[in-house]
Each structure stands twice: as structure tokens, then as C-alpha cells.
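What follows is a structure written as C-alpha cells; I'll ask about it next.
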Amino acid sequence: MKPHRLCMTHHLVLSYELHNKMEVYRPHKAYPVELAQFHSPDYVEFLHRITPDTQHLFSNELAKYNLGEDCPVFENLFEFCQIYAGGTIDAARRLNNQLCDIAINWAGGLHHAKKCEASGFCYINDLVLGILELLKYHARVLYIDIDVHHGDGVEEAFYFTDRVMTVSFHKFGDMFFPGTGDVKEIGGKEGKFYAINVPLKDGIDDTSFTRLFKAIIAKVVETYQPGAIVLQCGADSLAGDRLGCFNLSIDGHSECVRFVKKFNLPLLVTGGGGYTKENVARCWAVETGVLLDTELPNEIPENEYIKYFAPDYSLKIPRGNIILENLNSKSYLSAIKMQVFENLRNIQHAPSVQMQEVPPDFYIPDFDEDEQNPDERMDQHTQDKQIQRDDEYYDGDNDNDQNMDDA
């Protein structure tokens with residue numbers, strides 16, 4: 001089997017071999033003009049301007065853009081958005097340019113953000129921006145979401161087009177946030193039947209979830225024939241999550257990632273929700289291994305965060321976390337699957353699209369390389385402000401790759 005080339009976005013650039021080729025890549029910070037490819041320019045500008053010290057002056061705007069309660073204003077909010085959005089945008093571009101087969105941005109996956117407002121601690125919808133990049137090169141993109149919350153922002157963005165199919169597996173009912181994602185929500189106009197929702201009840205376990213996931217995704221890929229896949233891996237669907245209500249183990253969650261990988265399509269993987277932080281770290285570490293065809297040892301090696309994984313210091317979630325009753329009966333899950341399959345029968349098989357000339361990627365340098373003194377030492381923050389293009393790496397004293405062989 002052809003080995004996968006995988007890149008992972010990070011604020012530093014480094015490379016090392018781990019069975020298959022894996023590169024850890026520092027993306028650029030997304031520019032306001034890039035964020036405005038989806039979001040309204042006035043919303044982007046407000047995020048750029050607002051600070052904790054000035055927010056009291058903008059009560060009307062805070063309400064208009066839904067900032068406050070679930071979406072607080074904090075120091076360096078806009079830079080935070082630029083970093084995680086830039087990661088997903090660059091991940092998509094690297095896939096488009098065939099620099100890797102799989103790209104990961106665990107900092108991304110903020111699926112609730114809307115065109116003109118924040119929602120559910122999501123300010124900029126990096127997933128939509130990444131999908132828009134992929135659409136420059138692919139006629140059809142499939143979006144899959146296994147966060148415990150409905151991927152409403154991504155679904156809404158592409159609700160009226162057949163060029164993106166959104167598939168969300170999530171908790172629905174009991175006033176659970178965001179309150180959308182009924183199986184009856186199927187898209188509209190040209191996008192009718194291209195939004196797929198799999199509403200689930202409390203306590204779903206590995207066996208039920210993975211069986212349903214594999215059946216639906218296999219049928220979706222067969223019918224829709226996407227050119228690329230975006231997979232949002234929110235870890236709040238794990239058992240024991242502080243805000244979640246599912247009974248998934250890391251093995252069950254990662255089995256979904258393994259299944260999607262087997263389609264051998266360009267794959268962009270992101271993080272998402274997750275509120276029991278030690279389990280989020282466990283999950284995404286295991287899933288990075290899955291994407292590299294590498295099984296990690298259960299014992300977590302010594303590191304500066306090891307205290308968070310006491311008392312057993314293992315990758316597996318303690319079984320005591322799985323305590324919820326599974327309210328998803330076989331008949332209920334079967335009915336959901338049949339409804340989804342019925343909707344899929346209504347769509348045009350692999351809809352075609354007239355591909356236009358591919359628009360260029362943005363590259364807007366924010367410093368003058370000619371004016372820089374190469375002998376001047378820079379602090380890390382200054383280094384991170386520099387933008388590295390896909391074909392550029394550090395030279396000389398700034399090369400962090402030189403000493404990575406021992407890492």
C-alpha cells in the first residue's frame with residue numbers, strides 16, 4: 001500500500017520520520033481578507049478591534065455579533081482566530097498542491113461560527129474557509145462531523161449547494177446546544193438532500209455508533225463520490241466529557257477516523273469540542289497515530305504534563321467514565337439509517353460542476369525580508385509572526401529542523 005504523506009499544522013516547523021512521512025508545519029496567520037472569504041467584513045473588523053478593555057464601549061455590537069456569554073472577549077482574541085484559521089486554510093492548500101495526502105489541524109474545527117456572528121465559543125469558522133479552499137480544486141467536498149454537538153455553522157454555510165455534502169453525527173433533543181440537526185434538515189434549493197443529519201440520544205456506545213457511522217459514510221462516499229474529505233473530530237463525544245453525553249471510548253472514536261482514512265482521498269482532519277482536557281489530548285494523540293498507521297503504547301511517556309494523566313498515566317480512558325445508559329434502541333438507529341438512505345436515493349449521482357479557472361492562494365507578506373538583519377536574534381513571538389509559504393523553510397540559525405533527529 002502506498003504510504004501516506006501527512007502534515008500537521010503547528011506554530012513551528014519541524015520534520016521527522018514516523019513509519020510514514022510526517023511533517024509538522026507552521027502555518028501562516030490568516031489575514032482579515034482571507035477570513036472575509038466567508039465572514040462578513042464588518043464582523044471580521046470588529047473581532048480585530050475589540051479587546052477586554054474596550055468591550056464596555058460596544059454593547060450594541062457585542063449583542064449584534066453574539067459576543068459575551070458563550071463567546072467571551074479575551075486578550076489576543078483575533079490572533080487566536082488567525083492562528084487556528086490559518087492552520088486549516090494552509091492544510092487545505094497543502095492538500096490542493098499535493099504536498100501531503102492527509103493534513104491535520106487539531107487547533108481547528110470551530111464548527112458553530114456563522115457568517116456574521118460567533119456561537120458556542122467559535123468565532124471564525126475555519127472549516128468553512130478550508131472547504132472553500134478545497135473547492136478551488138475539487139468539484140465535490142464531503143464534510144463529516146463527529147463532535148457531540150451539531151455542526152450547524154458548516155451546514156448553514158453550504159445548505160443551498162450540492163458541491164459540499166455535510167454529514168453530522170450528534171446529540172439532538174432535550175434542548176441540547178445548538179438545538180439544530182434533526183434528520184429532517186436536509187438542505188435546500190440546489191443543496192436539497194446534501195445536508196445529512198444523524199440525531200442521536202444520550203449514551204450511545206462504540207458498537208452502535210461505529211456500525212451506524214460506517215454504514216452511512218460508506219453509502220455517502222459511494223453515492224456522492226467526493227474529491228476530498230474534511231473530518232471534524234470533536235472529542236466531546238467521548239465518555240466522561242464534562243459537557244458531552246455519549247459513551248464513546250477512544251477506540252470507538254478513532255475507529256471512525258480509521259474508516260474514513262481507508263477511502264484514500266485527500267483528507268483534512270481537525271479537532272473541535274472537548275471539555276475533559278486530558279481525554280482530548282489522549283484522543284487526538286491516538287488518532288494522529290491512526291492516521292500514520294502507528295499504534296502508540298498505552299503508557300504515556302514522561303513529559304511536563306504527565307500529572308494530568310494520573311493515576312494510571314495511560315492513553316485509555318478509565319472504564320469508570322462509561323456510566324450513561326444507552327437510550328438509542330436498535331429500532332431507533334435503524335429508522336435513522338433508513339431515512340438517511342432514502343434521502344441519498346433522491347440526489348443526483350455524483351453531481352457534476354463546471355470548474356472555473358482556479359483563483360490564486362492569498363500570500364500577503366507582513367514584513368520586508370530585505371530590511372531584516374539576519375544576525376539579529378528574534379524572540380519566538382517575532383519568529384511566529386513571519387509567514388512561511390508552502391515551499392519555504394528556515395535557513396541557518398533559525399532552522400529548527402537541524403536537531404530534530406533526536407526528538
Side-chain angles (χ1 to χ4, degrees), residues 9 27 29-44 47 65-66 71 78 80-96 103-147 149-168 170 178 180-181 185 187-191 194-197 226-234 266-273 353 359 361-362:
T9 60
K29 291 179 187 174
Y31 294 93
V33 67
E34 294 177 288
L35 305 181
Q37 296 301 295
F38 169 59
H39 294 283
S40 63
D42 60 303
Y43 173 56
V44 172
L47 286 178
Y65 299 122
N66 198 34
C71 303
F78 192 68
F80 166 70
C81 295
Q82 289 179 291
I83 290 170
Y84 75 76
T88 300
I89 291 169
D90 276 6
R93 288 175 182 163
R94 291 177 76 78
L95 289 169
N96 283 344
I104 306 172
N105 178 20
W106 291 128
L110 282 77
H111 58 173
H112 296 307
K114 308 297 191 339
K115 182 180 178 69
C116 301
E117 67 177 44
S119 176
F121 201 68
C122 301
Y123 303 85
I124 292 294
N125 199 315
D126 62 293
L127 293 157
V128 172
L129 295 170
I131 291 169
L132 289 174
E133 286 296 319
L134 292 171
L135 288 172
K136 294 177 182 179
Y137 285 73
H138 300 282
R140 295 174 301 281
V141 174
L142 171 61
Y143 171 73
I144 305 170
D145 191 316
I146 57 172
D147 194 290
H149 300 97
H150 178 227
D152 58 335
V154 182
E155 177 184 281
E156 182 178 299
F158 300 108
Y159 205 67
F160 300 111
T161 179
D162 59 6
R163 290 198 61 196
V164 179
M165 178 172 280
T166 60
V167 186
S168 179
H170 51 268
T180 52
E185 296 171 24
K189 299 180 181 177
E190 287 80 7
Y194 291 89
I196 294 175
N197 285 296
I229 299 177
V230 177
L231 176 59
Q232 197 267 22
C233 297
L267 177 59
L268 198 168
V269 178
T270 74
V353 62
D361 294 339
F362 282 101

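Just so we're clear, the structure is a prediction, and the values are computed from it rather than from any experiment.
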Would you compute the distance between atom CG of N105 and atom CG of L268 and round it to the nearest 0.5 angstrom?
7.5 Å
Contacts of Y84 meeting ring pair (Phe, Tyr, Trp, His ring centres under 6.0 Å) (sequence neighbours excluded), chain-then-number -> F80
State the CG-CG distance between L231 and L142, to the nearest 0.5 angstrom.
9.0 Å
Pairwise distance CG(L47) to CZ(F78) - rounded to 0.5 angstrom
6.5 Å
Test item: N96 and H138 side chains (from C-beta on) under 4.5 Å apart, heavy atoms:
yes
Check whether any side-chain N or O of H170 sits under 3.5 Å from a backbone N or O of G181 as a donor-acceptor pair, and report yes or no.
yes
Under the 3.5 angstrom rule, does the side chain of R140 hit a backbone N or O of R163 as a donor-acceptor pair?
no
Audit row: L129, L35, side-chain contact (heavy atoms from CB on, under 4.5 Å) steps and yes/no:
CA-CA 7 Å; L129 295 170; L35 305 181; 3.8 Å; yes
Do you know which two heavy atoms are closest between S168 and H149, and how far apart they sit?
OG-O, 4.4 Å
Kindly say whether T161 contributes a backbone atom to a donor-acceptor pair with the side chain of K189 at under 3.5 angstrom?
no
What do you reckon, are the aromatic ring centroids of Y123 and F121 less than 6.0 Å apart?
yes
Looking at every heavy atom in both G130 and T88, which two are closest together, and how far apart are they?
CA-CG2, 3.9 Å
Strictly distance-based, threshold 3.5 Å: is any side-chain N or O of Y143 a donor or acceptor partner for the main-chain N or O of Q232?
no
Short question: side chain of N197, backbone of E185 - any donor-acceptor pair under 3.5 Å?
yes
Can you find a side-chain donor-acceptor pair between D152 and H150 that sits under 3.5 Å?
no
Quick one: closest heavy-atom pair of A157 and F38, and the distance?
CB-CE1, 3.6 Å
For the student: nearest non-hydrogen atoms of D126 and G109, plus distance:
OD2-N, 2.9 Å
Here the pair of heavy atoms bringing H112 nearest to C122 is N-SG, 3.6 Å
Please identify which of these residues, N125, D145, T166, T270, meets the side-chain hydrogen bond (donor to acceptor under 3.5 Å, both in side chains) condition with H111.
D145
What is the minimum heavy-atom distance between L127 and L110, and which atoms define it?
CD1-N, 4.1 Å
Using atom types as modelled and distance alone, determine if a side-chain donor or acceptor of Y65 lies under 3.5 Å from a backbone N or O of E117.
no
Say whether, by atom type as modelled, one donor and one acceptor occur between the side chain of R94 and the main chain of A103 under 3.5 angstrom.
no
Applying side-chain contact (heavy atoms from CB on, under 4.5 Å), run through D90 and E133 and close with a yes or a no.
CA-CA 9 Å; D90 276 6; E133 286 296 319; over 6 Å; no
For a 4.5 angstrom cut-off between non-hydrogen side-chain atoms, does V269 reach C233?
yes
